[in-house]
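Please read through the structure below; I'll follow up with questions.
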Amino acid sequence: MPRTRVWKVDRDNPDPASVEEAAAIIVQGGLVAFPTETVYGLGADATCGPAVARIFRAKRRPMDNPIIVHVSCPDEVLPLVQKVDQTAEALMSRFWPGPLSILFRRSRRIPPEVTGGLDTVAIRCPDHPVALALIRAAGVPIGAPSANMSGRPSPTTAEHVLEDMEGRIEGLLDAGPTGVGLESTVVDLSCRPPVILRPGAISPEDLAPYLGEVRVADRSAGPPRSPGTKYVHYSPRARVVLVDGRPELLPPRVAELARHYSERGERVAVLCRSENVDCYQGALTLVLGPGNRPDLVARQLFARLREADLRGVTVVVAEGGFPRRGLGLAIMNRLEKASDEKITVSGGDGHGWG
Ligand code: AMP
Ligand code: MG
């Protein structure tokens, strides 16, 4: 395939001619990466099985890992699903456009390639002017997983997309860094209580007023309901050791582990809060942002994991300990999935933290 065509566009006022060119590629069955408010997506016409199959080949994504369908407004959901119940209706009007993917029973307009053979389809409406303009210009729903090679950290900049996808896709709309930095929340309303299959910026606390009780899928409890959750994810090439526990207890243990691996000849980086950088003098630090700003931490997380790879790091020792509520739940989910090993530091009163 020839080089990937890149259109630089303004986030809030994208050049219509560039968007039209990108949309034409989608309509012809090609692949275009585009920004959303979460991460960059790798888009194809969601109603065209062969186009969607190309996404899986470009990403080397397992065929049974379904992808999310992006629409530009709630009305566009109707032809894609069997029915929209009141709860889904309420969630769409409250959280769309936004980082919430909702599972529906699929209609025949959705080819099996999109859903990995499942009879449900995940749909969302992204809160990003470029994504919305692309969907409208294409005139079809756009199926899009994150625009990274399968297993790698999701791309939050156009440069990240090119690192993985240059020459593997026809086009890329570049509108600068994404906002949230972590993938959408995925919610399944088909069971009681409803289940969050993947935590994201829309938290269980945000959903509770609409869903009552809501459960967060637990990896240890039976076979995964969201096929994607069984695969390695978000991982840099380096081995990631996650150190979890109350934030104030982490630095001594993290520093000790960093020294330990360095002495063994590993190239070590410490993934840490900005306020702790001084605790790791002499070590390479990858700074996430202030511990009390989960929004900034979420935005930096994948970029810092990719930086570890670019710098040839072989072991990342990562600070955990983000409170498991709000965006913190999604941050801890991604850190845990990126990690090969978790060490929990306990001390003091022996109770939880955060
Ligand atoms: P990505 O596109 O990389 O953000 O990944 C999409 C995520 O949504 C994966 O974890 C999928 O397993 C999940 N997903 C998409 N469609 C469905 C579905 N129909 N049922 C369950 N999970 C889904
Ligand atoms: Mg992904």
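Remember, it's 1-based here, ligands and their atoms both numbered in the order they're listed. Numbering of residues begins at 1 and proceeds along the displayed sequence.
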Relative to atom 2 (O) of ligand 1, which among G41, P62, P145 owns the nearest non-hydrogen atom?
P145
Across all chains, not counting sequence neighbours, the ring-ring contact (aromatic ring centres under 6.0 Å, His included) partners of F56 are none
Could you check whether any heavy atom of L103 sits closer than 4.0 Å to an atom of ligand 1, since that is the contact criterion I want to use?
yes
Ligand 1 to L118, heavy atom cutoff 4.0 Å, flagged ligand atoms 18 (C), 19 (N), 20 (N)
Pick one of side chain, backbone, both or neither for how R124 approaches ligand 1, counting any non-hydrogen atom pair under 4.0 Å.
neither
If we set the cut-off at 4.0 Å for heavy atoms, which region of V39 has an atom near ligand 1: side chain, backbone, both, or neither?
neither
Distance filter under 4.0 Å to S146 heavy atoms, resulting ligand 1 atoms:
1 (P), 2 (O), 3 (O)
Test item: E21 and W7 side chains (from C-beta on) under 4.5 Å apart, heavy atoms
yes
Considering only NZ, NE, NH1 and NH2 on the basic side and carboxylate oxygens on the acidic side, decide whether R3 and E166 come within less than 4.0 Å.
yes
Return all protein N, O or S atoms below 2.8 Å from the Mg ion (ligand 2), chain by chain in residue order.
S146 OG
For ligand 1, which atoms, with element, lie under 4.0 Å from some heavy atom of N65?
9 (C), 11 (C), 12 (O)
Can I get a per-line list of side-chain donor-acceptor pairs under 3.5 Å for residues 288-302, giving both atom names and the distance, sequence neighbours left out?
residue, atom, partner, partner atom, Å
R293, NE, D295, OD1, 3.0
R293, NH2, D295, OD2, 2.8
R299, NE, G179, O, 2.8
Q300, OE1, R304, NH1, 2.5

Is it the case that the side chain of S146 and the backbone of N148 share a donor-acceptor pair, with hydrogens and angles ignored and the cut-off at 3.5 Å?
no
List ligand 1 atoms under 4.0 Å from T120, heavy atoms only on the residue side.
18 (C), 19 (N), 20 (N)
E205 vs R325, salt bridge (charged side-chain N to carboxylate O under 4.0 Å, His left out): CA-CA, chis, key distance, verdict:
CA-CA 8 Å; E205 298 83 8; R325 57 173 182 266; over 6 Å; no
Should R106 be listed as contacting ligand 1, given a heavy-atom distance under 4.0 Å as the test?
no
Only one of L132, L173, V130 forms a side-chain contact (heavy atoms from CB on, under 4.5 Å) with P14, so which one is it?
V130
Would you sort out whether R239 and E266 count as a salt bridge (charged side-chain N to carboxylate O under 4.0 Å, His left out), showing the intermediate values?
CA-CA 10 Å; R239 171 181 177 77; E266 302 285 358; over 6 Å; no
Pairs where residues 67-83 contributes a residue and the test side chain to side chain donor-acceptor pair (under 3.5 Å) is met, not counting sequence neighbours:
S72-E76
Run down the list K59, R198, E183 and name the one with the heavy atom closest to atom 4 (O) of ligand 1.
R198
As a quick check of understanding, evaluate side chain to side chain contact (heavy atoms under 4.5 Å, CB included) for V186 and I68, giving each step before the final call.
CA-CA 9 Å; V186 179; I68 293 167; 4.3 Å; yes
Is any NZ, NE, NH1 or NH2 atom of the basic residue among R60 and D164 found under 4.0 Å from an Asp or Glu carboxylate oxygen of the other?
no
